[in-house]
Amino acid sequence: MTGDKNSDYEKAGFDGTLVPGFKPVLLIIDPARAYIDPECPLYAGVEDVAQNIVHLKGVASARGIPVIVTRVLHDDKALNGGVFVRKVPSLKWLRPESPFSAYIEGLSPTGNDIKVVKQYASAFSGTTLAATLTAMG
């Protein structure tokens, strides 16, 4: 390392760029009740963050900014999630029958919102998210 972050990044090949899209979108990733319900082992204590996202979703919708909401759901019987579900047993809390897999109040897709259901950690893996964002510009 030379101490100059930009030179170090360039030397290592981390100096690429991407051209951003032309239209904004609000992407809400996995707003599951599991993260705000103290009864769930996945509880993260992010109630304040969730309420801020509820507010942001309302502002985006009022301004005509598209909203995409992802949801992770696993069904062991259908083998959704493959080895990811076996590797991370706590994902049982995100099965369809679990009350903790429900959307946080105010963050479920409504109206023209787009819902993306995923079975893996990434919202892009095995979903239509990338194609949807590209099509939306």
- Message: Connecting only ILVMFWY residues whose side-chain heavy atoms lie within less than 4.5 Å of each other, what is the rest of Ile65's hydrophobic cluster?
- Response: none
- Query: Members other than Leu129 in its cluster, when Ile, Leu, Val, Met, Phe, Trp, Tyr link by side-chain heavy atoms under 4.5 Å?
  - Reply: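 Leu129 clusters with Val25, Leu27, Ile29, Ile68, Ile114, Val116, Phe124, Leu133, Met136.
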Selection [range] - residue pairs positive for salt bridge (charged side-chain N to carboxylate O under 4.0 Å, His left out), sequence neighbours left out:
{"range": "residues 45-58", "result": "Lys57-Asp113"}
{"range": "residues 114-133", "result": "Asp30-Lys118"}
{"range": "residues 124-137", "result": "none"}

If the condition is side chain to side chain contact (heavy atoms under 4.5 Å, CB included), which residues does [X] pass it with, not counting sequence neighbours?
{"X": "Val59", "answer": "His55, Arg63"}
{"X": "Phe14", "answer": "Tyr9, Ala12"}
{"X": "Val49", "answer": "Val46, Ile53"}

- Apply ring pair (Phe, Tyr, Trp, His ring centres under 6.0 Å) to Phe100 and list each qualifying residue two or more places apart in sequence or on a separate chain. Trp93
- side-chain contact (heavy atoms from CB on, under 4.5 Å) between Thr70 and Ile28, intermediate numbers included: CA-CA 6 Å; Thr70 73; Ile28 303 171; over 6 Å; no
- Message: Tell me every residue that passes salt bridge (charged side-chain N to carboxylate O under 4.0 Å, His left out) with Arg71, counting only those two or more places apart in sequence or in another chain.
- Response: none
- Note on the structure: Heavy atoms of Leu107 and Ala50 approach each other most closely as CD1-O, 4.1 Å
If we only count heavy atoms from C-beta on, is the [X] to [Y] side-chain gap below 4.5 Å?
{"X": "Pro109", "Y": "Tyr103", "result": "yes"}
{"X": "Arg33", "Y": "Pro99", "result": "yes"}
{"X": "Leu26", "Y": "Pro66", "result": "no"}

Kindly compute the distance separating [atom1] ([X]) from [atom2] ([Y]), expressed to the nearest 0.5 Å.
{"X": "Ser61", "Y": "Leu56", "atom1": "OG", "atom2": "CG", "value": "9.5 Å"}
{"X": "Leu73", "Y": "Ser101", "atom1": "CG", "atom2": "OG", "value": "5.5 Å"}
{"X": "Leu94", "Y": "Cys40", "atom1": "CG", "atom2": "SG", "value": "7.0 Å"}

- Task: Please list all pairs passing the side chain to side chain donor-acceptor pair (under 3.5 Å) test where one or both residues lie in residues 122-134, with sequence neighbours left out.
- Result: none
